[in-house]
Q: 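Submitted below is the structure of interest, expressed as structure tokens.
Each chain gets a letter, A, B and so on, in the order the sequences are listed, and its residues count up from 1.
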Amino acid sequence: MERKKVAEEKGLPPLPQAEAGKVVTRFPPEPNGHLHIGHAKAAIINQEYARMYEGRLILRFDDTNPAKERLEYYEAIREELEWLGVEPDLVKNTSDDIETLYEHAERLIRLGLAYVCTCRVEEIRRGRALGLECPCRKRSVEENLSLWDGMLKDFGENEAVLRLKGDMKAKNTVLRDPTLFRIVLKPHPLKGTAYRAWPTYDFSAPIEDSLDGVTHAMRSKEYELRDELYYTILDALGMRKPILVEFSRLALRGTPLSKRRIRPLIESGKVSGWDDPRLATILALRRRGITPEAIRRFVIEMGVSKVESEPTWDLLYSMNRKLIDPKSKRLHFVPDPIRMKIENAEERVVRLRCHPSVDLGFRELRVKDEVYIAKGDAERLKVGDRVRLIGLYNVRIEEVGDEISASYAGESPIDLPKIQWVGEDRVGFRVLIPKELFRDGEFNEDSLEVSDGFAESAVEGLEIGEVFQFVRFGFCRLDSKGVAIFAHK
RNA sequence: GCUCCGGUGGUGUAGUCCGGUCAAGCAUAGAGGCCUCUCGAGCCUCAGACCCGGGUUCAAAUCCCGGCCGGAGCACCA
């Protein structure tokens, strides 16, 4: 039986109740750190859906906690998204809508659906845990209005919060009179000290989504219990309700993603910064030569499933490799160089193609009577062996040791092991090789391997940021003069 | 502990809503072969999975019940 082979485009499943031209999605990062591949998943999925339905994508900075937001991250996040190829149709900040948010809060108070609570934090927490209402809940609308005014004008932190009159007996504890506004006196990076009452995510997200015209609000699974609250708030205010879609958080084997886990690594010096090549931040992936398209394919492959999975880097590498292979120049690098003296060698200059099948030009290598080969290769050689120096000629091994003596052994490359080498035109070169940061939950002290050696001088013609392949070594990206970062085999 | 959400080969997914076309597709990793002056790419082949137990049904990966395992939430963070 013959089966037709269909090379189908990998895509996302259809969105529920989605109409072409009417879909609005949104990516709402908090400007308190750099993006990582988990954010990329959310951003890309939202963008893909907007694109799939010829809709719009909103980038909204959920900057409602002045204590955490930092000015530098607004721009950093935009740049990282741009690099990823995520181009929002609209960029906005939740903090710009704070007055509107106040109005909705006041409406809620007037409707008798929210109250100002002046209990102490611990009491509120205890009441929520036990399902107990507090006396503040009984305040009149007038009293609430006047206290709310105090929250806006002169209350200090921890003096009062605005709470939703939910259901203190609800099984879903999120519904037990959650906090809608709290007071934060720390200056906001964009608004300074103009406001003291700041909405919580639970309040701002549904209202912003509704007002922004978002039709499908996608968020990761940890918010699932908050769906009910999200809809409760919109119902209370009689506002349009977006469709909520959840998907599992992306995890990568051996790699911390959350800011909570990355920050200590940076602060303790275990990694060099947000762009340390061992991390899965956008900055780090870019620095290693992982392409935006590979990241896109990778996260689409994960899709919107709610299954918790822990993919390995392999899949990402494989996707990246296929994308960069046809574009990457081939060059020689010999880590831990060992000198090989060659008897009867005639001096020559060889022209080597920069790519076996694509025309990426060529380079010329001069050879006299010695070359350097990688220690790893040298250790495998025994007297009498014949090996092919790629693109040059064959040699026969005459003596092994700290140096190798060999002799010229013909031109035919057939059926001989092939190794890369460098000749007269060589420069010292370093490659940083990132490995898994954590193994079995333990920090891997050897997670960043440094490989020093000789590269052929042609590396000096590479641009910083260029991705290339060291033959039989792997794909790398030039990070600075004389230093590259290993991407993958 | 309570409440939710999940569980398809080593890994990641498709299929599950609307039971049969699924003796389960694809990718990745693995094995073997071809090709190649790279341990890369490409081509071919092989091997590998429906968490467990009941039930419903002519028929269950798909529906129901119970269990087991994993994750998340239980903040004046988002």
Q: Just to verify, what does A:Thr179 make a side chain to side chain donor-acceptor pair (under 3.5 Å) with, not counting sequence neighbours?
A: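 A:Thr179 satisfies side chain to side chain donor-acceptor pair (under 3.5 Å) with no residue once adjacent residues are dropped.
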
Q: Using the closest heavy atom to pick a nucleotide of RNA chain B for each, name whichever of A:Asp202 or A:Phe473 lands nearer the 5' end.
A: A:Phe473

Q: Given B:A72, B:G40, B:C74, which nucleotide is nearest the side-chain atoms of A:Phe475?
A: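 The listed nucleotide nearest to A:Phe475's side chain is B:G40.
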
Q: Can you tabulate the close N/O pairs, meaning under 3.5 Å, that link protein atoms to atoms of nucleotides 32-34 of chain B?
A:
none

Q: Using the side chain to side chain donor-acceptor pair (under 3.5 Å) rule, pick out the option among A:Asp96, A:Asn93, A:Asp209 that qualifies with A:Arg60.
A: A:Asp209

Q: Tell me whether A:Glu456 is salt-bridged to A:Arg363, with the criterion being a basic N under 4.0 Å from an acidic carboxylate O.
A: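 Answer for the salt bridge query: yes.
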
Q: Please enumerate all residues that pass side-chain contact (heavy atoms from CB on, under 4.5 Å) together with A:Asp202, with sequence neighbours excluded.
A: A:Thr200, A:Arg226, A:Leu229

Q: Look at A:Glu293 together with A:Lys327 and state whether they make a salt bridge at an N to O cut-off of under 4.0 Å.
A: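 Here A:Glu293 does not pair with A:Lys327 in a salt bridge, since their nearest N and O are not under 4.0 Å apart.
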
Q: What contact category does A:Val161 fall into here, base, sugar-phosphate, or nothing, at under 4.0 angstrom with non-hydrogen atoms?
A: base

Q: Do A:Glu222 and A:Ser220 have side-chain atoms, one donor and one acceptor, less than 3.5 Å apart?
A: yes

Q: Select base, sugar-phosphate, or nothing to describe what A:Ile390 touches, counting heavy atoms under 4.0 Å on all strands.
A: base

Q: Give one of base, sugar-phosphate or nothing for A:Arg226, where a contact means two heavy atoms less than 4.0 Å apart.
A: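 Answer is base: heavy atoms of A:Arg226 come under 4.0 Å of a base.
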
Q: The side chain of A:Arg253 lies closest to which of these nucleotides: B:U11, B:C5, B:U38?
A: B:U11

Q: Counting only side-chain heavy atoms from C-beta out, which of B:A78, B:U11, B:G40 sits nearest to A:Arg182?
A: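 Within the option list, the nearest is B:A78.
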
Q: With the side chain of A:Glu310 defined as its heavy atoms from C-beta on, choose the nearest nucleotide among B:C37, B:C76, B:G12.
A: B:G12

Q: Under 4.0 angstrom, heavy atoms only, what part of the nucleic acid is A:Gln469 near: base, sugar-phosphate, or nothing?
A: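 Answer is base: heavy atoms of A:Gln469 come under 4.0 Å of a base.
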
Q: Between protein and nucleotides 47-50 of chain B, what N or O pairs are separated by less than 3.5 Å?
A:
none

Q: Which sits closer to the 5' end of RNA chain B, A:Cys119 or A:Leu392, going by the nucleotide each is nearest to?
A: A:Leu392

Q: Using Watson-Crick and G-U wobble pairs whose two distances are both under 3.5 Å, how do you write the pairing of RNA chain B as dot-bracket, with | for links to another strand?
A: (((((((..((((......[....)))).(((((.......)))))....(((((..]....))))))))))))....

Q: Could I get the full list of side-chain contact (heavy atoms from CB on, under 4.5 Å) partners for A:Pro337, not counting sequence neighbours?
A: A:Val334, A:Tyr372, A:Phe454

Q: Please check if the number of heavy atoms outside A:Gln17 that lie under 6.0 Å from its CD is greater than 12.
A: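 Atom CD in A:Gln17 is not packed in, count stays at 12 or less.
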
Q: For a quick check of understanding: with a heavy-atom distance under 4.0 Å over all strands, which category does A:Asp325 fall into, base, sugar-phosphate or nothing?
A: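 Base contact.
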
Q: Can you tell me which residue among A:Tyr230, A:Tyr201, A:Phe247 is in a ring pair (Phe, Tyr, Trp, His ring centres under 6.0 Å) with A:Tyr223?
A: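 Only match with A:Tyr223 under ring pair (Phe, Tyr, Trp, His ring centres under 6.0 Å): A:Tyr201.
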
Q: Record whether the side chain of A:Tyr223 comes under 3.5 Å of the base of B:A72 through a donor-acceptor pair of N or O atoms.
A: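 No, the side chain and the base share no sub-3.5 Å donor-acceptor pair.
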
